[in-house]
Structure formats: structure tokens, C-alpha cells
Amino acid sequence: MGRPPRVSNRGFLNAVLWKIRTGVPWRDLPESFGAWKTIYSRFRRWAMRGHFTAIFEALHINVNNKWNAIDGSYIRAHQHSAGGKGGPRKTLSASLAAAVPRRSMRVLMHKGDRYKLR
């Protein structure tokens, strides 16, 4: 029984990028990337030896920040940010009902005044 074949650097970086992009725990890496513990151990070794810092410094590009923008359609809210206990007490329908005066349907249904509003 020998060691499993080593994951290539490209496969390793794809696994790390996938983990960072999705935010899942290391144990939830898909099996197509290889054993999660092996990838995690390699990630720790690279981080301790400064490999990632060297990669980021090599890829550093001077960017004109005057023209940078963030596309808000890509940013997603966390699953727990959809209101809840501490959210607003007044609903949208209650706000609209307060802003729009009540009208009776009878007023709109008179034959002669069918489209006149009072």
C-alpha cells in the first residue's frame, strides 16, 4: 500500500480557489480534487513557507483605482440576512395602505360615474 498520486499544482490551486470562492469547510471539498486532508496539509505548508505571498507579489499589477467599480448584482447577501426578528415592523402593504386613501368599490361602480374617482 503506497501513497496516493500527488495532486498537480494546478489541481491543488483549483481546489484552494474553489474552497475560497464557495466558503465551504475543507471536509466538503469534492472528491474530484483529491483527499481534502492532503490538500489542506499542502495549503498549510505553502502558507507557512510564504508561497502564496510570493505568488500574490508576482501577480501584483498597478491598477488605476479611479475607474474601479463593484458590480452589485454579483454580491449576494448571506442566507440569514433576509429580515427576521429584528427587521422592520411595518410591512410594505401597511405603508401603501396608509399612503393611499381608501375608496369604496361602490363609488367606482355607479353607472354614470364609472371612471370618476371621488
Side-chain angles (χ1 to χ4, degrees):
M1 194 171 182
R3 287 186 168 188
R6 184 170 182 235
V7 178
S8 68
N9 287 338
R10 183 180 185 142
F12 164 69
L13 289 175
N14 281 337
V16 171
L17 291 174
W18 187 87
K19 189 258 187 264
I20 291 170
R21 187 177 335 117
T22 59
V24 299
W26 285 104
R27 292 180 187 262
D28 291 340
L29 278 175
E31 292 180 13
S32 61
F33 290 125
W36 71 268
K37 189 158 181 143
T38 305
I39 295 171
Y40 171 74
S41 299
R42 191 168 173 186
F43 172 78
R44 291 283 299 153
R45 276 195 314 269
W46 279 38
M48 298 297 276
R49 293 178 184 166
H51 292 315
F52 289 114
T53 305
I55 290 171
F56 295 142
E57 287 175 0
L59 294 175
H60 180 72
I61 301 170
N62 288 331
V63 179
N64 184 358
N65 288 329
K66 182 178 178 182
W67 300 106
N68 285 347
I70 296 175
D71 181 12
S73 64
Y74 180 73
I75 299 172
R76 296 185 307 180
H78 189 269
Q79 62 186 359
H80 298 125
S81 67
K85 200 171 189 179
R89 299 283 182 223
K90 201 170 189 182
T91 62
L92 178 61
S93 58
S95 301
L96 288 175
V100 177
R102 297 185 109 190
R103 295 188 183 116
S104 171
M105 285 302 290
R106 286 188 192 165
V107 173
L108 298 174
M109 296 304 287
H110 282 92
K111 285 185 180 181
D113 301 330
R114 184 165 292 201
Y115 297 106
K116 291 182 182 177
L117 299 175
R118 295 183 188 181

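Here the structure is a predicted model, which is why all the values come from computation and not from measurement. We number each residue from 1, following the sequence as shown.
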Treat each ILVMFWY residue as a node, draw an edge where side-chain heavy atoms are under 4.5 Å apart, and state whether Phe52 and Met48 are in one component.
-> no

Donor-acceptor pairs under 3.5 Å, side chain of residues 24-36 to any protein atom, not counting sequence neighbours: which ones?
none

Got a list of side-chain donor-acceptor pairs under 3.5 Å for residues 8-17, not counting sequence neighbours?
from	atom 1	to	atom 2	distance (Å)
Ser8	OG	Gly11	N	3.1
Asn9	OD1	Arg42	NH2	2.3
Asn14	ND2	Arg10	O	3.4

Given His51, which of Phe56, Trp46, Phe43 fulfils the ring-ring contact (aromatic ring centres under 6.0 Å, His included) condition?
-> Trp46

